[in-house]
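Please read the structure below before turning to the comments.
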Amino acid sequence: MGRAAVSRAALPSAAGGLTGLEEKKMDIKMRCYRKEDLSAAVEIWNQVVEEGVAFPQTEKLTEADGQVFFAQQSYTGIAYDAADGRVMGLYILHPNNVGRCGHICNTSYAVHETLRGQRVGEALVRDSLRMGKELGFRILQFNAVVRSNVYALRLYKKLGFVQLGIIPSGFLMKDGHYEDIIPHYHEL
């Protein structure tokens with residue numbers, strides 16, 4: 001998958017080499033959720049729930065709830081740093097509807113709060129597009145992208161998602177005010 005660089009100042013030493021603060025690169029890799037990911041996945045998921053500005057859920061997951069929740073999805077993808085195995089983010093993928101609309105999937109993405117802006121989200125979205133197609137879905141649809149989530153909106157535009165319109169006041173923010181939501185789709 002993609003690579004994200006985390007720059008650290010590289011200072012030249014008197015000998016012409018670098019002094020201990022060399023640039024570190026994160027090697028973002030993707031894989032299917034495993035039981036050993038549970039604690040990290042629940043922590044990252046709950047960060048987004050607690051922020052109250054992106055997910056519709058209001059209740060945080062316990063580890064017991066999380067195990068059931070992640071296992072019941074059509075697919076739960078994990079982004080991890082290949083260098084140290086650290087879980088950086090995740091996504092869940094599942095049908096958006098049933099029957100005659102069962103070919104449309106839906107996803108939700110969560111990136112660890114300290115790693116946002118470092119292309120982890122992009123790796124998650126790209127992998128979900130690939131995995132949705134692999135699982136036989138024909139369309140990926142987002143039901144409720146909050147208008148104030150400008151980074152997600154920018155990424156979805158970059159990746160070719162089509163904006164469907166605006167639902168006024170469709171999302172209740174944690175602080176009690178309502179934000180518009182902007183549904184999107186992408187053909188797989």
Side-chain angles (χ1 to χ4, degrees), residues 1-4 26-38 40-49 53-57 61 65-82 86-112 115-147 149-167 170-171 181-188:
M1 258 307 123
R3 295 178 68 89
M26 290 190 313
D27 189 3
I28 303 169
K29 298 290 184 188
M30 297 298 305
R31 64 173 163 74
C32 185
Y33 167 83
R34 302 186 295 219
K35 285 184 181 178
E36 57 265 24
D37 299 324
L38 178 62
V42 165
E43 175 190 352
I44 293 167
W45 188 268
N46 286 343
Q47 288 171 354
V48 178
V49 170
V53 298
F55 284 178
Q57 294 87 349
L61 294 173
D65 297 335
Q67 180 59 38
V68 172
F69 179 69
F70 297 130
Q72 74 184 8
Q73 306 301 318
S74 298
Y75 187 82
T76 299
I78 297 292
Y80 67 98
D81 187 339
R86 171 180 49 146
V87 175
M88 305 164 75
L90 68 141
Y91 70 89
I92 60 169
L93 185 148
H94 50 84
N96 195 51
N97 212 318
V98 296
R100 297 184 195 283
C101 295
H103 61 286
I104 302 172
C105 64
N106 181 273
T107 57
S108 297
Y109 308 96
V111 175
H112 193 282
L115 299 172
R116 294 180 189 156
Q118 297 182 37
R119 303 192 68 165
V120 177
E122 182 174 345
L124 292 168
V125 176
R126 287 183 184 279
D127 194 67
S128 72
L129 291 167
R130 179 191 63 79
M131 185 53 64
K133 184 174 186 171
E134 188 174 308
L135 291 173
F137 292 103
R138 298 184 64 195
I139 297 170
L140 171 58
Q141 178 177 317
F142 300 143
N143 300 323
V145 182
V146 180
R147 182 191 285 272
N149 193 346
V150 295
Y151 299 110
L153 290 169
R154 188 178 307 138
L155 176 60
Y156 302 151
K157 183 176 183 178
K158 172 185 172 183
L159 296 179
F161 282 81
V162 177
Q163 180 178 322
L164 292 170
I166 296 173
I167 300 171
F171 190 90
I181 55 175
I182 306 171
H184 287 71
Y185 78 93
H186 194 292
E187 291 187 39
L188 304 175

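Computed over heavy atoms, backbone and side chain alike; hydrogens, waters and symmetry mates excluded.
Taking the side chain as every heavy atom from C-beta outward, Ile44 and Leu90 approach each other to under 4.5 Å. Under the 4.5 Å side-chain criterion, counting only non-hydrogen atoms from C-beta, Arg138 is not in contact with Leu188. Contact check for Arg147 versus Ile166: side-chain heavy atoms found under the 4.5 Å cut-off. In this structure the side chain of Lys29 never reaches within 4.5 angstrom of the side chain of Ile78, judged on heavy atoms. Within the 4.5 Å cutoff, no side-chain heavy atoms of Lys157 are placed close to those of Gln163. Side-chain contact between Ile28 and Met88 is present, with at least one heavy-atom pair separated by less than 4.5 Å. For the pair Ile167 and Pro183, the minimum side-chain heavy-atom distance is below 4.5 Å.
Checked by atom type, the side-chain pair Gln141/Asn143 shows a donor-acceptor distance below 3.5 Å.
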**Message:** Under the criterion side chain to side chain contact (heavy atoms under 4.5 Å, CB included), I'd like the reasoning laid out for Leu155 against Val125: C-alpha separation, chi angles, the key distance, then a yes or no.
**Reply:** CA-CA 9 Å; Leu155 176 60; Val125 176; 3.9 Å; yes

**Request:** Kindly indicate, with the supporting measurements, whether the criterion side chain to side chain contact (heavy atoms under 4.5 Å, CB included) is fulfilled by Leu140 and Thr107.
**Result:** CA-CA 8 Å; Leu140 171 58; Thr107 57; 3.5 Å; yes

**Request:** In sequence, state the C-alpha distance, the side-chain angles, and the governing distance for Arg86 and His112, and then conclude on side chain to side chain contact (heavy atoms under 4.5 Å, CB included).
**Result:** CA-CA 10 Å; Arg86 171 180 49 146; His112 193 282; over 6 Å; no

**Request:** Begin from the C-alpha positions of Thr76 and Leu93 and carry the test side chain to side chain contact (heavy atoms under 4.5 Å, CB included) through to its verdict.
**Result:** CA-CA 6 Å; Thr76 299; Leu93 185 148; over 6 Å; no

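Classification of the Phe70-Trp45 ring pair by plane angle, with boundaries at 30° and 60°, yields perpendicular.
We find that Asp37 and Arg31 are joined by a salt bridge, their nearest charged nitrogen and carboxylate oxygen being less than 4.0 Å apart.
Aromatic pair Phe161/His186: ring centres closer than 6.0 Å. Aromatic pair Phe142/Tyr156: centroids less than 6.0 angstrom apart.
Taking every heavy atom of both residues into account, Gly132 and Cys105 meet most closely at CA-SG, 4.4 Å. Nearest heavy atoms, Ile92 versus Phe69: CD1-CZ, 3.5 Å. Among all heavy-atom pairs drawn from Gly77 and Leu124, the shortest one is O-CD2, 4.5 Å. What you find for Ala110 and Phe55 is that their closest heavy atoms are CB-CZ, 4.0 Å. Closest approach of Leu38 to Gln67, counting heavy atoms only: CD1-N, 3.5 Å. Gly66 approaches Leu61 most closely through the heavy-atom pair CA-CD1, 4.0 Å.
For Lys35, there are no salt bridge (Lys or Arg N to Asp or Glu O under 4.0 Å) partners at least two apart in sequence or on another chain.
Looking at Tyr151, its side chain never comes within 3.5 Å of a backbone N or O of Gly117 through a donor-acceptor pair. Between the side chain of His184 and the backbone N or O of Ile182 there is at least one donor-acceptor pair closer than 3.5 Å.
Separating the CG atom in Asn106 from the CD atom in Gln73 is a distance of 9.5 Å, to the nearest 0.5 Å. Summarising the geometry, atom CD belonging to Glu43 is positioned 5.0 Å from atom CD belonging to Gln47; distances are rounded to the nearest 0.5 Å. Taking NZ from Lys133 and CD from Glu187, the interatomic distance works out to 10.5 Å, rounded to the nearest 0.5 Å. Atom-to-atom distance recorded for His103:NE2 and Cys101:SG is 6.5 Å, nearest 0.5 angstrom.
The environment of Tyr185 atom OH is sparse: at most 12 non-hydrogen atoms of other residues, nucleotides or ligands sit within 6.0 angstrom.
Between Ser128 and the choices Tyr75, Tyr109, Tyr91, the side-chain hydrogen bond (donor to acceptor under 3.5 Å, both in side chains) rule is met once, by Tyr109.
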